[in-house]
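It should be emphasised that the depicted structure is a prediction, and the values quoted were computed from it without experimental measurement. Values reported hereafter were calculated over all heavy atoms of this structure, with side chains retained and with hydrogens, waters and symmetry mates removed.
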Amino acid sequence: MAKIIGGITTSHVPAIGRAIAKGLQQDPYWKPFFDAYVPVQKWVAESKPDVVVVIYNDHGLNFFLDKMPTFAVGAAAEYRNADEGWGIPTMPPFQGDAALSWQLIESLVEDEFDLTTCQEMKVDHAFTLPMALLWPDQSWPVRVIPVCINTVQDPLPTARRCWKLGEAIGRAVAKWETDERVLILGTGGLSHQLDGERAGFINKDFDLKFMDSMVHDPQWATQFTTRELVEHTGTQGVELLMWLATRAALGAKVHELHRNYHIPISNTASGLMVLETGG
Ligand code: DHB
Ligand code: FE
């Protein structure tokens with residue numbers, strides 16, 4: 001039976017891609033950020049996941065505002081990155097596993113999630129940068145299944161719905177009759193707002209409370225409406241929905257292996273957690 005070994009949640013700011021391209025990992029601005037990933041890379045290398053379910057939001061590379069699925073799952077043999085206009089180099093392609101993707105999709109649809117299924121799918125910085133933070137040599141020794149949650153165009157799925165999606169992903173993986181080791185990687189957040197009157201908004205108190213809740217009271221954030229989440233975390237801070245879905249996939253108890261919180265990376269309060277299943 002396939003096993004979820006744990007979850008990693010991380011921010012996904014495009015400027016990280018520029019810093020990687022320019023080799024700025026030891027630069028004073030970037031060092032506290034990149035240093036936090038070193039123990040995580042070690043844990044990933046030792047834990048040897050076979051498959052990574054990447055829960056992220058597309059920002060206009062694969063889906064645009066004219067067609068915006070609430071939930072989309074990739075079912076391709078390969079996923080490629082492309083230029084999003086941030087001026088960061090594209091990354092090598094990622095190997096998919098279409099058969100496992102379809103098993104996930106069938107289980108989620110049976111669980112009443114009406115998905116968009118993507119047999120072709122470009123993956124943007126929210127997918128590629130967290131992968132590059134876990135595997136800095138960009139060798140990608142894993143197969144990937146992209147799961148997209150719309151957090152860019154109203155109406156967004158509620159926090160409660162994203163929690164349920166994560167639970168359903170956990171149930172789906174448990175049904176795989178393989179001995180795959182599965183890592184859930186949730187990307188986005190934490191608090192940030194890129195536009196409007198509150199551009200630059202960051203809410204450290206809320207972020208820290210949310211990170212604690214991931215361990216001790218995981219459904220805490222499901223009490224909030226989307227509008228309340230925007231008020232607390234900023235218009236793009238709602239990307240914490242990916243963290244919630246990731247946490248829900250891990251089951252009742254988790255053991256926190258690693259955490260980092262750093263303000264700012266670009267306009268974002270950057271967060272990182274590693275949670276092992278089982279507690
Ligand atoms: C930034 C953060 C994001 O999550 C994103 O998708 C784009 C930009 C930023 O802080 O610059
Ligand atoms: Fe984003």
Side-chain angles (χ1 to χ4, degrees), residues 4 6-12 52-59 69-73 104 108 111-113 115 126-127 130 145-173 182-193 203 205-261 268-277 279:
I4 294 181
I8 297 177
T9 50
T10 172
S11 304
H12 64 219
V52 186
V53 177
V54 187
I55 306 178
Y56 71 109
N57 59 305
D58 182 87
H59 301 70
T70 302
F71 300 122
V73 178
L104 175 63
L108 291 178
D111 249 334
E112 302 181 353
F113 284 90
L115 306 171
F127 183 107
I145 303 182
V147 175
C148 261
I149 299 180
N150 167 32
T151 60
V152 303
Q153 172 158 272
D154 262 347
L156 314 186
T158 62
R160 168 132 328 263
R161 187 72 176 141
C162 294
W163 175 269
K164 287 182 179 168
L165 177 74
E167 285 183 322
I169 290 172
R171 283 194 293 274
V173 172
V182 181
L183 172 69
I184 314 289
L185 174 59
T187 94
L190 288 173
S191 61
H192 63 300
Q193 171 145 346
N203 187 344
D205 287 346
F206 187 92
D207 288 340
L208 295 182
K209 201 157 183 206
F210 174 64
M211 289 175 100
D212 283 343
S213 80
M214 289 278 285
V215 184
H216 302 294
D217 185 11
Q219 296 196 49
W220 174 75
T222 63
Q223 70 181 288
F224 298 111
T225 64
T226 301
R227 177 170 283 272
E228 287 166 344
L229 284 177
V230 167
E231 280 166 8
H232 286 304
T233 69
T235 40
Q236 280 73 35
V238 286
E239 289 176 347
L240 65 73
L241 293 176
M242 269 66 74
W243 290 48
L244 258 190
T246 300
R247 175 62 191 86
L250 304 181
K253 284 238 163 81
V254 294
H255 174 58
E256 180 179 347
L257 290 179
H258 185 73
R259 177 194 299 216
N260 189 58
Y261 182 74
T268 298
S270 97
L272 168 64
M273 290 184 90
V274 182
L275 303 170
E276 211 170 28
T277 44

Answer whether the closest heavy-atom distance between the side chains of [X] and [Y] falls below 4.5 Å.
X	Y	answer
Val73	Leu108	yes
Val54	Pro130	no
Leu190	Thr233	no
Thr187	Ile55	no
Leu104	Ile145	yes
Val52	Ile8	no
Thr151	Gln236	no
His12	Asn57	yes

Work out which heavy atom in [X] is nearest to a heavy atom in [Y]; give both atom names and the distance.
X	Y	value
Gly7	Leu250	N-CD2, 3.7 Å
Val215	Val254	CA-CG2, 4.3 Å
Ala159	Ala221	CB-O, 3.6 Å
Pro157	Leu241	O-CD1, 3.6 Å
Asn150	Val152	OD1-N, 2.9 Å
Leu183	Gly6	CD1-O, 3.5 Å

Notebook entry, point to check: Checking side chain to side chain contact (heavy atoms under 4.5 Å, CB included) for the pair Cys148/Tyr56: CA distance, chi angles, key distance, verdict?
Noted result: CA-CA 5 Å; Cys148 261; Tyr56 71 109; 3.5 Å; yes
Measuring from [X]:[atom1] to [Y]:[atom2], what's the distance to the nearest 0.5 Å?
X	Y	atom1	atom2	result
Leu275	Arg247	CG	CZ	6.5 Å
Met214	Leu244	CE	CG	7.0 Å
Thr158	Glu228	OG1	CD	12.0 Å
Asp212	Trp220	CG	CH2	9.5 Å
Thr268	Gln193	OG1	CD	11.0 Å
Leu240	Thr246	CG	OG1	11.0 Å

Notebook entry, point to check: Between Tyr261 and Phe210, is the gap from one ring center to the other below 6.0 Å?
Noted result: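 No - the distance between ring centres of Tyr261 and Phe210 does not fall below the 6.0 Å cut-off.
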Between [X] and [Y], is any side-chain donor less than 3.5 angstrom from a side-chain acceptor?
X	Y	result
Arg160	Gln219	yes
Asp207	Ser191	yes
His59	Glu239	yes
Asn260	His258	no

Check: So His232 and Phe224, would you call those rings parallel, tilted or perpendicular, with 30° and 60° as cut-offs?
Finding: perpendicular
Next item on the list: Might you work through the side chain to side chain contact (heavy atoms under 4.5 Å, CB included) test for Val147 and Phe71, ending with a clear yes or no?
Entry: CA-CA 7 Å; Val147 175; Phe71 300 122; 5.9 Å; no
Checklist line | Within 6.0 angstrom of Gln223 CD, more than 12 heavy atoms from elsewhere | finding: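 Buried by this count: over 12 neighbours within 6.0 Å.
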Check: Are Asp154 and Arg227 ion-paired here, with the side-chain N under 4.0 Å from a carboxylate O?
Finding: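 No salt bridge links Asp154 with Arg227.
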Notebook entry, point to check: Donor-acceptor pair, Glu167 side chain versus Ala248 backbone, under 3.5 Å?
Noted result: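 No.
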Item checked: Evaluation steps, side chain to side chain contact (heavy atoms under 4.5 Å, CB included), between Thr9 and Leu272 -> CA-CA 6 Å; Thr9 50; Leu272 168 64; over 6 Å; no
